[in-house]
Q: 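Structure below; questions to follow.
Computed from a predicted model, the values in this text were never measured in an experiment. When a residue number appears, it is its place in the shown sequence, counting from 1.
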Amino acid sequence: MSTSAIARTRHSAGSMSRTATIATVSAAVLLAASVPLQLMASSRRWTQCPRFVGDENDTSMCGLLEDHLFDYQNPSAPWTVIDGAAQLFGAGLMLVAVAVLVATLGVARPRGPLLWASAAVTAAAFAFGGVHALASGQLGSPSALTGWTAHVAVLGQVAWVAWWATTYVRAPLLALALLPTGLFTAGGGVVVYAMAPLFVGYSSYDTTPWSESIPAYGTGLSALALLVTLVLRRRSTTERE
């Protein structure tokens, strides 16, 4: 291989590495920014409820708030608005949607149509849920998107699996870093409601207190894991050099 060809190859590899680094950092920042929004939304609902096993902050009002009528993640009639909770959650979910698209840029080329298609559908499903929650909070009642939420959720979950599997083949560390977001946010209803009682020490008759905080923890864990992948990637590059 000629000297010029080697130089072009190194330049191309360096450009790809910079793109991956910028994409990974940007995705981590977006996910990290989503965390406080989700936690603030959860706090709007559960302030009067126990946060962990043994917490004595339990009142009759907490029992009332466990009713699914107060669920703000996917508003549907009948629904009781909690001031600002749906808007905060919706904004946080839209940041996750953007993070999925940005993280896809961190996958080595060629990315292929399946990766981009599954990323676009996954991001669209997140954004749909975010817009629905935010609009419902603003309106004070479930938005006109309510009738489509179940279909979009299923489509989003299928797309997430396809996106994650395709990403894992090309960039396993990136895929593993984003796994908590998928487990607790993309399709984690069963996981979330199974884990919530472990924190507060009991299972509710309806929605266990602080259930909505668990996806936020998963999102935060993914943000941290993305930064760890950068360190591991840099070490690997240094060792090869």
Q: What distance separates T80 OG1 from D71 CG, expressed to the nearest 0.5 Å?
A: 10.5 Å
Q: Has the side chain of S222 got a donor or acceptor atom that lies under 3.5 Å from a matching backbone atom of A177?
A: yes
Q: Taking atom types as modelled, is there a side-chain donor on S143 or H132 under 3.5 Å from an acceptor on the other?
A: yes
Q: Taking atom OG of S26 and atom CG of L101, what is their separation to the nearest 0.5 Å?
A: 12.5 Å
Q: Would a single hydrophobic cluster contain both L93 and L183, if residues Ile, Leu, Val, Met, Phe, Trp and Tyr are joined by side-chain heavy-atom contacts under 4.5 Å?
A: yes
Q: Please check: side-chain N/O of Y72 versus main-chain N/O of S42, any donor-acceptor pairing under 3.5 Å?
A: yes
Q: Quick check: does any side chain N or O of Y205 sit under 3.5 Å from a backbone N or O of G63, one acting as donor and the other as acceptor?
A: yes
Q: Treating Ile, Leu, Val, Met, Phe, Trp and Tyr as nodes and any side-chain heavy-atom pair under 4.5 angstrom as an edge, say whether L30 and F126 lie in one connected cluster.
A: no
Q: If you group Ile, Leu, Val, Met, Phe, Trp and Tyr by side-chain heavy-atom gaps below 4.5 Å, do L176 and W160 land in one group?
A: yes
Q: Under a single-linkage definition using a 4.5 Å side-chain heavy-atom cutoff for Ile, Leu, Val, Met, Phe, Trp and Tyr, are L134 and V152 assigned to the same hydrophobic cluster?
A: yes
Q: Please give me the minimum heavy-atom distance between S76 and T146, naming the atom from each residue.
A: CB-CG2, 3.9 Å
Q: Please round to the nearest 0.5 Å and tell me the distance separating atom OG1 of T181 and atom CG of L226.
A: 8.0 Å
Q: Which pair of non-hydrogen atoms, one from L178 and one from A103, has the smallest distance, and what is that distance?
A: CD1-CB, 3.8 Å
Q: Supply the atom-to-atom distance L155 CG to W148 CH2, rounded to the nearest 0.5 angstrom.
A: 11.5 Å
Q: How far apart are the closest heavy atoms of S118 and L115, and which atoms are they?
A: OG-O, 3.0 Å
Q: Consider only side-chain N and O atoms of Q138 and Q87, and report whether a donor and an acceptor are under 3.5 Å apart.
A: yes
Q: Check L221 against P180 and note the closest heavy-atom contact, atom names and distance.
A: CD2-CG, 3.8 Å
Q: How long is the gap from CG on L65 to CG on D206, to the nearest 0.5 Å?
A: 11.5 Å
Q: Check the orientation of Y168 and W164. Use parallel for under 30°, tilted for 30 to 60°, and perpendicular for over 60°.
A: parallel
Q: Return the orientation label for the W210 and W46 ring planes: parallel under 30°, perpendicular over 60°, tilted otherwise.
A: tilted
Q: Does L174 share a hydrophobic cluster with L179, counting links as ILVMFWY side-chain heavy atoms below 4.5 Å and allowing steps through other members?
A: yes
Q: Is there a side-chain contact between E66 and P209, using heavy atoms and a 4.5 Å cut-off?
A: yes
Q: Would you check if Y217 and L39 make a side-chain contact, meaning some heavy-atom pair closer than 4.5 Å?
A: yes
Q: Can you name the nearest heavy-atom pair linking G130 to M94, along with the distance?
A: CA-CG, 4.0 Å
Q: E212 pairs by side chain to side chain donor-acceptor pair (under 3.5 Å) with which of R45, R44, Q73?
A: R45
Q: Supply the atom-to-atom distance L227 CG to T229 OG1, rounded to the nearest 0.5 angstrom.
A: 7.5 Å
Q: Can you check whether L31 reaches V96 side chain to side chain, under 4.5 Å on heavy atoms?
A: yes
Q: Take L145 and F128 through the side-chain contact (heavy atoms from CB on, under 4.5 Å) test and state the conclusion after the steps.
A: CA-CA 8 Å; L145 301 176; F128 180 93; 3.7 Å; yes
Q: Taking all atoms of both residues into account, what is the closest heavy-atom pair of W163 and T104, and its distance?
A: NE1-OG1, 3.0 Å
